[in-house]
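Residues: numbered from 1 along the sequence shown. All figures in this text were calculated on a predicted structure; none of them were measured in a lab. Hydrogens, waters and symmetry mates are skipped; everything else that's a heavy atom, side chains included, is used.
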Amino acid sequence: MKLRHFLEVDDLTPAELAAVLDASEQPATPVLAGQGVALIFEKPSLRTRNSSEMAVVQLGGHPAYITDAETGLDRRESAVDVCRTLQGYYSIIAARVFEHSKLTNMVSVATVPIINLLSDEAHPVQALADLLTIRQHCGPVEGLKLAWLGDFTNVARSLTIGSMMLGAHMTVGCPDGYGPSSADFDRFSALEQFGGSFSVTNDAHAAVTGVDVVNTDAWYSMGQETEAELRKPIMTPYRVDANLLSHAKPEAIFLHCLPAHRGDEATSDVLDGPQSRIWRQAHNRMHTMKGLFTWLCA
């Protein structure tokens, strides 16, 4: 069997992505019985840690939470040597890291699957939960219109890739300097073969008009706290409030990967409102991890 890794959503084909989402809605089977999964965390986490641990448990395996103090990737010990050690104990290695290069270095020597639990470039396991939530509430992803507002983060990149692979249309509303890179545009252009499309605008109202899904993220991520005051006035026009959300379809849903800075990127009446699916989205983190682990083990 060919060894497979999951560092970004397009490590899968569209058919494989659909299969992972399908597996996420099936009853858990003990595909990890008698096996362990190493969960390396350079950065702390609420949803990623707990969803991953419980997914492993429900599949009959043993999750091992490993902190940065124990690995010190590329400081105490190289990421390559950490991988070579842990793959002698565990059937899967999953890591939440600052630099994406640490994951690619692991892949270069890996004899077990490597999963990206978040890096500075991508958050593919979050995109899986987003796509499952969209599919559950909107039906087939193909042909849907999605909007992303604010900073084009690693989460936005992974969701754009996944939604385009399934034939959706993504519009990003963001200020100048906070949008996709030229490399992103090249990557997204290649994904248009699957029926999806991609566009960028500075106009938040135009971005959300007539869409099925409105998505956003924190204006500043972990490690960017010193930029908070700089970013707030730039990002304020992209805040999702009731007025902005009203430009989407009446049946549109609102998503946020959390944690949310209430009153910044989204108001509480939206986060807690009838169109919000943020808690289903958060809970789907566990179900899609089960689906991913099951698919890798198959």
Could you tell me which residues satisfy ring pair (Phe, Tyr, Trp, His ring centres under 6.0 Å) with Tyr89, sequence neighbours excluded, listed by chain and number?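 Tyr89 satisfies ring pair (Phe, Tyr, Trp, His ring centres under 6.0 Å) with no other residue.
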Any chance CD of Glu142 has more than 12 other-residue heavy atoms, nucleotides or ligands included, within less than 6.0 Å?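 No.
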Do [X] and [Y] come close enough that some side-chain heavy atom pair is under 4.5 Å?
X: Leu12; Y: Arg4; answer: yes
X: Pro44; Y: Arg49; answer: no
X: Val112; Y: Ile92; answer: no
X: Tyr238; Y: Asp151; answer: no
X: Asn284; Y: Ser24; answer: no
X: Gln58; Y: Met286; answer: yes

What class does the angle between the rings of Phe198 and Phe188 fall in, given that below 30° is parallel, 30 to 60° is tilted and above 60° is perpendicular?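 Rings of Phe198 and Phe188: tilted, as their planes differ by 30° to 60°.
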Evaluate the ring planes of His261 and Tyr220, with Trp represented by its six-membered ring, and classify them as parallel (under 30°), tilted (30 to 60°) or perpendicular (over 60°).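 Rings of His261 and Tyr220: parallel, as their planes differ by under 30°.
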Do any pairs count as a salt bridge (charged side-chain N to carboxylate O under 4.0 Å, His left out) and have a residue in residues 97-113, sequence neighbours left out, and if so which ones?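 Pairs touching residues 97-113 that pass the test: Glu42-Lys102, Glu99-Lys102.
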Is the shortest distance from a Lys or Arg side-chain nitrogen in Asp81 or Arg84 to a carboxylate oxygen in the other one below 4.0 Å?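 A salt bridge is present here (some side-chain N lies under 4.0 Å from a carboxylate O).
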Does a salt bridge link Arg231 with Asp264, judged by any charged N lying under 4.0 Å from a carboxylate O?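 Here Arg231 does not pair with Asp264 in a salt bridge, since their nearest N and O are not under 4.0 Å apart.
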Between [X] and [Y]: side-chain donor-acceptor atoms closer than 3.5 Å:
X: Arg280; Y: Thr133; result: no
X: Ser189; Y: Glu192; result: no
X: Glu77; Y: Thr71; result: no
X: Thr48; Y: Arg96; result: yes
X: Asp203; Y: Thr201; result: no

Residue that, paired with Arg239, satisfies side-chain contact (heavy atoms from CB on, under 4.5 Å) out of Thr267, Leu244, Leu149: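 Exactly one pass, corresponding to Thr267.
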Validation: residues 120-131 side-chain donor-acceptor distances under 3.5 Å, sequence neighbours left out:
| unit_1 | atom_1 | unit_2 | atom_2 | d |
| --- | --- | --- | --- | --- |
| Asp120 | OD1 | His100 | N | 2.9 |
| Gln126 | OE1 | Arg285 | NH1 | 3.0 |
| Gln126 | NE2 | Asp130 | OD1 | 2.7 |
| Asp130 | OD1 | Gln281 | NE2 | 2.7 |

